[in-house]
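To find a chain, count down the sequence lines: A is the first, B the second, and so on, and within it residues start at 1.
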Amino acid sequence: MDRQRLKELHRLAGLKYDQGEAETLLKDLVALEKLAAGLPPVSDSMANTAKTLLKNISSGQRLEMDRTIEEANAPQKTDGFYEIPPTVSKGGGDSS
Amino acid sequence: MNLMRNLAMHEARKLHADGAVDIYSLNEEMATVARKENPAIQAYTHFLNEEPPAEIDHPLAMFYGAIKANIAVSGGPLHCGSRMLRHYRSPFDSTVVTRLRSAGCRFMGVSAMDEFGMGSTCEYTHFGQVVNPWDNACTAGGSSGGSAAAVAAGHAWFALGSDTGGSVRLPAHFCGVVGLKPTWGRISRHGLVAFASSLDTIGILGRDLQDVHQVFQTLAGGDPLDGTSLLQSVDGGSLDQLENLRGLKLGVPEEIKDMDLDDDVRQRYKEDIQRLVSLGAEMVPLELGSILDAVSIYTVLSCAEAASNLHRYDGSLFGSRVSENSYGETLAATRSEGFGSEVKRRLLLGAHVLSSGFHEQYYLRAARARQEIVSKFRTVFSGVNLVAMPTAPGSAFALGSFQDDPAAMHLMDVLTVPASLAGIPALTFPTGLDRRRLPLSLQLIGPGCSEKSLMQWARVLEKDLDFRSSKEAPWQRLP
């Protein structure tokens, strides 16, 4: 972390860069960054799953998966009409 | 005995029904004393002057609570401890307020907090800093410090706070009251101003476990206005069903021995565990491993979510605005003037961990590590009923202790963030005093939706210790 990066972070966070505050902020952020860097190691299997997920998202495969799930859950059409799932009331009928 | 400060709600109600006390008179006395003493304690930033509550048939009817300044009360200030929202008033009631009003409760006032819940001392606020009713030179904790101080000083019968990484439990520990962080989603967040949405919960502070249980029963349950609320029903009934703790498997993390804790905290914890065992619990030593390294994970995830959630304060919709020549300049000027130092630090760190090139190194890694904590807890709770830990590494410390090293303040949360990251319930209740005669507590963590069991088990120890009779406690003082 340096002054240039701090300036960039102010822009990203929607804050004014204040030369006077910079020194203190830099010191605090370095300490916080150190704290954040103390993340525990992640087990291989979990890391691989996450990597695959990330790869799928960036390659667009995830979107395809979403579409597949959407299609699988969509109401089925028979003879041009949507078939209402049996758990959903078809409405109408009498009140007896 | 000073009844207004000393009685729990369930005790006052019983005496009221017997004609021995009048809750309306106690409320009047409480309102007078709170206004008189507030300039010294600063638990409240605003009093609400609500009409006296009706005497309806509900265990909470007629009582006044304190409400943290990030929970919406229609027409009341919703400033979140921030200069940004100092004039903002809520146009609606949050679900928790609606439910308490239906139960016959009213609100004494809006309680002070660290800005947007970011802090552990109630010093990072646009309003006055809260002091601890046990010792006015010490912090009341944060970020729900105003709520805890109001309950400890006898300025409210109970209080609502919010707990993202320990913000109900830490002040409860410092002020010697009971604090409950429920399962994530168990209490509706509709009307709670967001800090880190995947961690935020509305918590309860009270004089004893029975009072906290009663408020929990009133608030918990699904809410159509909060799509993340859990539909799980809440068990009713009393907490006093258990005579002892036989059959309870009590998980005790081995790592606590090697943690950097005050001697008094270490001793108190040892004695509490021994007491639980003597009451019938079976002690099961556990290895929690990386669960106790969770501060890093919490810091990354909470700052990232805060950076996203607080982006709405751009001068166009909520709160104050500093008008400049362009949208970009107005945004930067408004936010720079409206936010305090701790919020700015966290927003900058949030921007850092989410930015291109650092996202995977920090944010994704933290998100994965969080999943491991969830899995680890799941394994732990297949062998024990609950995990017992201290709430904080020490008792209340002097105000201003972290002024020169704000990053060190994050380490105060080391024992509270694991339950927050896993979304499971955690209960803090006072169990004794340290050498400075300041309160210490025990934290019990259980699997999802086990709040009632946690409170039932804790109640056995609460009855045994009788902490509320401590002579040093602020509720023993006469107004």
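- When all heavy atoms of B:Ala332 and A:Leu15 are compared, the closest pair comes out as CB-C, 4.0 Å.
- For chain B, the nearby part of A:Arg5 is the side chain; its heavy atoms alone come within less than 4.5 Å.
- Taking the salt bridge (Lys or Arg N to Asp or Glu O under 4.0 Å) definition, one finds that B:Arg335 meets it with nothing, sequence neighbours left out.
- For chain A, no part of B:Tyr363 is nearby; none of its heavy atoms comes within less than 4.5 Å.
- Separating the CD atom in A:Glu8 from the CG atom in B:Leu348 is a distance of 11.5 Å, to the nearest 0.5 Å.
- Taking NZ of B:Lys344 as the start and CG of A:Leu29 as the end, the distance is 12.5 Å to the nearest 0.5 Å.
- Within a 6.0 Å radius of CG in A:Asp2, more than 12 heavy atoms belonging to other residues, nucleotides or ligands are found.
- No part of B:Tyr313 comes within reach of chain A, as not one of its non-hydrogen atoms sits under 4.5 angstrom from that chain.
- With a 4.5 Å cut-off on non-hydrogen atoms, B:Ala366 touches chain A through its backbone and its side chain both.
- There is no contact between B:Leu354 and chain A, counting heavy-atom distances below 4.5 Å.
- In terms of heavy atoms, A:Leu9 sits closest to B:Ala351 at CD2-C, 3.9 Å.
- Residues meeting the ring-ring contact (aromatic ring centres under 6.0 Å, His included) test with B:Tyr327, sequence neighbours left out: none.
- Contact of the B:Ser336 side chain with the A:Asp18 side chain is not registered, since no non-hydrogen atoms from C-beta on lie closer than 4.5 Å.
- Heavy-atom distances place the backbone of B:Gln361, and not its side chain, under 4.5 Å from chain A.
- Chain A forms the most heavy-atom pairs under 4.5 Å with one residue out of B:Leu310, B:Ile297, B:Val353, and that residue is B:Ile297.
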